[in-house]
There are 2 protein chains.
Amino acid sequence: MRVVIARCSVDYVGRLTAHLPLATRLLMVKADGSVLVHSDGGSYKPLNWMAPPCRMAEVDPSDDEREDGVIAAWAVQHTKSEDRLRVLIHEVLHDSSHDLGIDPGLVKDGVEAQLQALLAQHIQTLGEGYSLIRREYMTAIGPVDIMCRNADGATVAVEIKRRGDIDGVEQLTRYLELLNRDPHLQPVAGVFAAQQIKPQARTLAQDRGIRCVTLDYEALKGMDDSTARLF
Amino acid sequence: MRVVIARCSVDYVGRLTAHLPLATRLLMVKADGSVLVHSDGGSYKPLNWMAPPCRMAEVDPSDDEREDGVIAAWAVQHTKSEDRLRVLIHEVLHDSSHDLGIDPGLVKDGVEAQLQALLAQHIQTLGEGYSLIRREYMTAIGPVDIMCRNADGATVAVEIKRRGDIDGVEQLTRYLELLNRDPHLQPVAGVFAAQQIKPQARTLAQDRGIRCVTLDYEALKGMDDSTARLF
DNA sequence: GGCTGCATTTCGTTC
DNA sequence: GAACGAAGTGCAGCC
């Protein structure tokens with residue numbers, strides 16, 4: 001990996017056109033040829049970049065560019081598209097290269113999958129007498145997160161989200177529409193379960209007779225000692 | 001901005017739990033305290049990070065950690081949540097700091113806005129005799145991208161996307177439902193226009209009587225000489 | 001390889 | 001500030 005701190009301007013032409021005026025920035029050139037342009041703030045997202053696969057070449061600045069103070073120019077061309085990144089360097093403050101080797105990669109634990117597992121394990125969170133049918137109940141249009149039965153023996157389809165948005169309600173609606181065509185299952189009720197449910201989503205759900213349940217991740221985790229060993 | 005190349009392991013606890021085994025990586029500490037952990041490949045996304053606002057502190061490794069070869073430890077704590085990032089450093093290969101100043105920021109040109117402008121300008125792309133009513137037609141649930149009239153004088157609501165997905169069809173469906181309650185407008189037809197329309201979205205749209213139109217961005221741009229000056 | 005759904009999404013705009 | 005929609009979204013899983 002090559003790390004350069006330089007006063008530079010950057011131009012990107014591809015899916016959109018973008019320009020970075022002259023300023024001091026960090027330029028990162030990765031082993032796969034990808035280039036990242038970072039400022040000293042913002043978020044993890046670079047101001048501008050070129051994704052792999054691509055090729056980076058140091059080219060001669062034009063006469064006009066030289067007159068403007070450009071001492072070096074990078075031309076980064078994406079291999080599979082017309083995306084181009086051009087970096088015009090006016091001053092180099094630092095330039096070093098390092099051999100990092102291949103990264104073993106990130107190990108992740110739980111997100112929505114864990115919410116689903118916890119709720120399936122404690123399905124009575126939805127109400128007295130609820131029992132699990134199965135997780136990831138497959139249908140023609142995709143898997144229903146949880147299928148269960150309520151105290152009356154009626155089938156209930158549960159859609160789980162970390163953040164409950166309108167599109168989650170739409171998704172559950174499509175499942176319910178399909179499931180209710182099956183005479184063996186029909187009638188199937190819907191539950192929209194999320195850690196946080198947006199007001200618009202709640203309104204839409206209620207309008208369609210879908211019950212909303214707010215999930216307390218910490219409480220669900222606390223109910224179950226066996227998850228403790230995972231942490 | 002501080003740039004460190006180090007052999008390190010990283011642990012994140014917050015919205016999820018994640019671990020990076022010992023390896024050589026680039027650590028970036030920005031002026032706002034945010035920390036980025038980059039490998040020598042992948043994409044512009046760091047392997048791990050802490051978003052601002054947060055505080056970074058160099059702390060003493062525990063005795064156990066010291067025995068494992070840890071020579072320094074970073075504790076990064078998010079200011080507004082319980083998110084924590086811990087970096088255990090085993091070897092420092094590079095460490096430098098640089099004053100970058102405030103970045104003037106990125107200047108972007110067009111994406112979906114441009115598609116919308118171009119289609120509005122060449123509304124006959126949708127068919128002979130089409131005429132524009134207006135762009136960004138406001139309704140109680142949001143703006144319809146384009147409202148126009150077809151050859152028969154009937155009102156047509158157009159939803160424009162770069163990538164036509166199911167949620168775009170759902171969005172247009174909600175608009176049409178609302179618009180068709182207005183006796184002055186009713187009946188309102190729907191057109192789902194996108195550069196690329198996913199099969200599932202197309203099926204759903206057709207099922208609801210919504211016409212799908214694939215937009216050719218380059219062709220639209222070519223129809224109009226006046227856009228040339230923008231590039 | 002393409003499509004689908006999730007993301008520690010991030011980011012901008014609007015209400 | 002919250003909410004909603006777009007992103008040069010990226011990314012993983014599955015068909």
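All values below come from the heavy atoms of this structure, side chains included, with hydrogens, waters and symmetry mates left out. Naming convention: chains lettered A, B, ... in sequence-line order (proteins, then strands); numbering from 1 in each chain.
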Rounded distance in Å - [atom1] ([X]) to [atom2] ([N]):
X: B:Trp49; N: C:dA7; atom1: CH2; atom2: P; result: 12 Å
X: A:Tyr175; N: C:dT4; atom1: OH; atom2: P; result: 12 Å
X: B:Leu36; N: C:dT10; atom1: CG; atom2: P; result: 11 Å
X: B:Leu16; N: C:dC6; atom1: CG; atom2: C1'; result: 12 Å
X: A:Lys161; N: D:dA3; atom1: NZ; atom2: C1'; result: 18 Å
X: B:Glu159; N: D:dC4; atom1: CD; atom2: P; result: 16 Å
X: A:Arg202; N: D:dA2; atom1: CZ; atom2: C1'; result: 15 Å
X: A:Gln116; N: D:dG13; atom1: CD; atom2: P; result: 15 Å

A:Arg2: partners by salt bridge (Lys or Arg N to Asp or Glu O under 4.0 Å), with sequence neighbours left out: A:Glu58, A:Asp95

Between [M] and [N], how far apart are the [atom1] atoms? Round to whole Å, please.
N: C:dT8; M: D:dC14; atom1: C1'; answer: 24 Å
N: D:dA7; M: C:dA7; atom1: C1'; answer: 13 Å
N: C:dT14; M: D:dG8; atom1: C1'; answer: 24 Å

Could you list the residues that satisfy ring-ring contact (aromatic ring centres under 6.0 Å, His included) with [X], not counting sequence neighbours?
X: B:Tyr137; answer: none
X: A:Trp74; answer: none
X: B:His19; answer: none

Touch class at under 4.0 angstrom, heavy-atom based, for B:Met50 against every strand present: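 Touches nothing.
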
Touch class at under 4.0 angstrom, heavy-atom based, for B:Ala51 against every strand present: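 No contact.
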
5' precedence on DNA chain D between B:Arg174 and A:Asp83 (nearest-nucleotide basis): B:Arg174

Donor-acceptor pair, side chain of A:Tyr175 and main chain of A:Gly190, under 3.5 angstrom: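 No; zero donor-acceptor contacts below 3.5 Å.
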
SB check B:Glu170 A:Arg174 (cutoff 4.0 Å):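 A:Arg174 and B:Glu170: salt-bridged.
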
Protein-nucleotides 11-15 of chain C N/O pairs closer than 3.5 Å?
residue: C:dC11; atom: OP1; partner: A:Ser43; partner atom: OG; Å: 2.3
residue: C:dC11; atom: OP2; partner: A:Ser43; partner atom: OG; Å: 3.2

Residue pairs passing the salt bridge (Lys or Arg N to Asp or Glu O under 4.0 Å) test where at least one lies in residues 27-48 of chain B, sequence neighbours excluded: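 Listed by first then second residue: nothing to list.
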
Which nucleotide in D:dA6, C:dC6, D:dG8 has an atom nearest any side-chain atom of A:Asn48: D:dG8

